[in-house]
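Just below is one structure, and these are the notes that go with it.
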Amino acid sequence: MTRIRRGYIARRRRTKIRLFASSFRGAHSRLTRTITQQKIRALVSAHRDRDKQKINFRRLWITRINAAIRERGVCYSYSRLINDLYKRQLLLNRKILAQIAISNRNCLYMISNEIIKEVKESTG
């Protein structure tokens with residue numbers, strides 16, 4: 001019986017997988033079965049951590065805004081600032097407020113003071 005030469009499709013698929021895992025260490029970059037397992041694991045982690053990254057950045061922005069607001073006066077807090085922003089319908093998200101808190105604190109203080117004045121006038 002004559003010898004049959006195999007096709008190139010399976011080999012091409014494996015080399016494509018190996019290119020994905022070329023930066024992995026040890027058997028994770030050499031053995032085909034282990035490479036496929038690690039590829040699945042890596043993609044799952046990447047998908048999960050993209051959502052986690054959004055959560056972590058939001059926490060960081062909230063912490064920065066709260067720290068900057070509480071520096072000036074203890075009576076004013078982050079939650080009251082956000083509540084007053086919503087009452088006045090100001091469209092400043094937490095990312096922008098955090099950047100203002102880092103780069104230009106006086107601007108953040110001016111924003112918070114204007115909001116406090118408006119709220120006092122409307123309630124008072």
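We count residues from 1, following the sequence as given.
Contact of the Thr36 side chain with the Phe20 side chain is not registered, since no non-hydrogen atoms from C-beta on lie closer than 4.5 Å. Using a 4.5 Å cut-off on side-chain heavy atoms (C-beta onward), Ile115 and Ile111 make contact. Looking only at side-chain heavy atoms (C-beta outward), Ile69 and Ser77 stay at 4.5 Å or farther from each other. For the pair Leu91 and Leu85, the minimum side-chain heavy-atom distance is 4.5 Å or more.
When hydrophobic side chains of Ile, Leu, Val, Met, Phe, Trp and Tyr are connected at separations under 4.5 Å, Ile17 ends up clustered with Ile35. Apart from Tyr109 itself, the hydrophobic cluster it occupies contains nothing, where clustering links Ile, Leu, Val, Met, Phe, Trp and Tyr at side-chain heavy-atom distances under 4.5 Å.
Taking hydrophobic clusters as Ile, Leu, Val, Met, Phe, Trp and Tyr residues chained together by side-chain heavy-atom distances below 4.5 Å, Tyr86 shares a cluster with Ile62. Each of Ile96 and Ile102 belongs to its own hydrophobic cluster when Ile, Leu, Val, Met, Phe, Trp and Tyr are linked at side-chain heavy-atom distances under 4.5 angstrom. Placement of Ile100 and Met110 in two distinct hydrophobic clusters is found when ILVMFWY residues are connected by side-chain heavy-atom separations under 4.5 Å, directly or transitively.
In this structure, CG on Leu97 lies 8.0 Å from OH on Tyr78, to the nearest 0.5 angstrom. Taken from SG in Cys107 to CD in Gln99, the straight-line distance is 12.0 Å, to the nearest 0.5 Å. Atom OG1 of residue Thr34 and atom CZ of residue Arg41 lie 12.5 Å apart, to the nearest 0.5 angstrom. Here the straight-line distance linking atom OG of Ser112 with atom CG of Asp84 works out to 10.0 Å at 0.5 Å rounding.
The closest donor-acceptor contact from the side chain of Asp49 to the backbone of Lys52 lies at 3.5 Å or more, if one exists at all.
In plain terms, the two heavy atoms of Leu108 and Ala101 that are nearest each other are CD2-CB, 3.7 Å. Closest approach of Arg94 and Ile82 over heavy atoms only: NH2-CG2, 3.6 Å.
Atom CZ of Arg59 has 12 or fewer neighbouring heavy atoms from other residues, nucleotides or ligands inside a 6.0 Å radius.
Looking at residues two or more places apart in sequence or on another chain, you find no salt bridge (charged side-chain N to carboxylate O under 4.0 Å, His left out) involving Arg58.
Pairs engaging residues 99-113 under the salt bridge (charged side-chain N to carboxylate O under 4.0 Å, His left out) rule: Glu71-Arg105 [sequence neighbours left out]. Pairs of residues two or more places apart, or lying in two chains, never qualify as salt bridge (charged side-chain N to carboxylate O under 4.0 Å, His left out) while including a residue from residues 22-31. Pairs engaging residues 13-24 under the salt bridge (charged side-chain N to carboxylate O under 4.0 Å, His left out) rule: none recorded [sequence neighbours left out].
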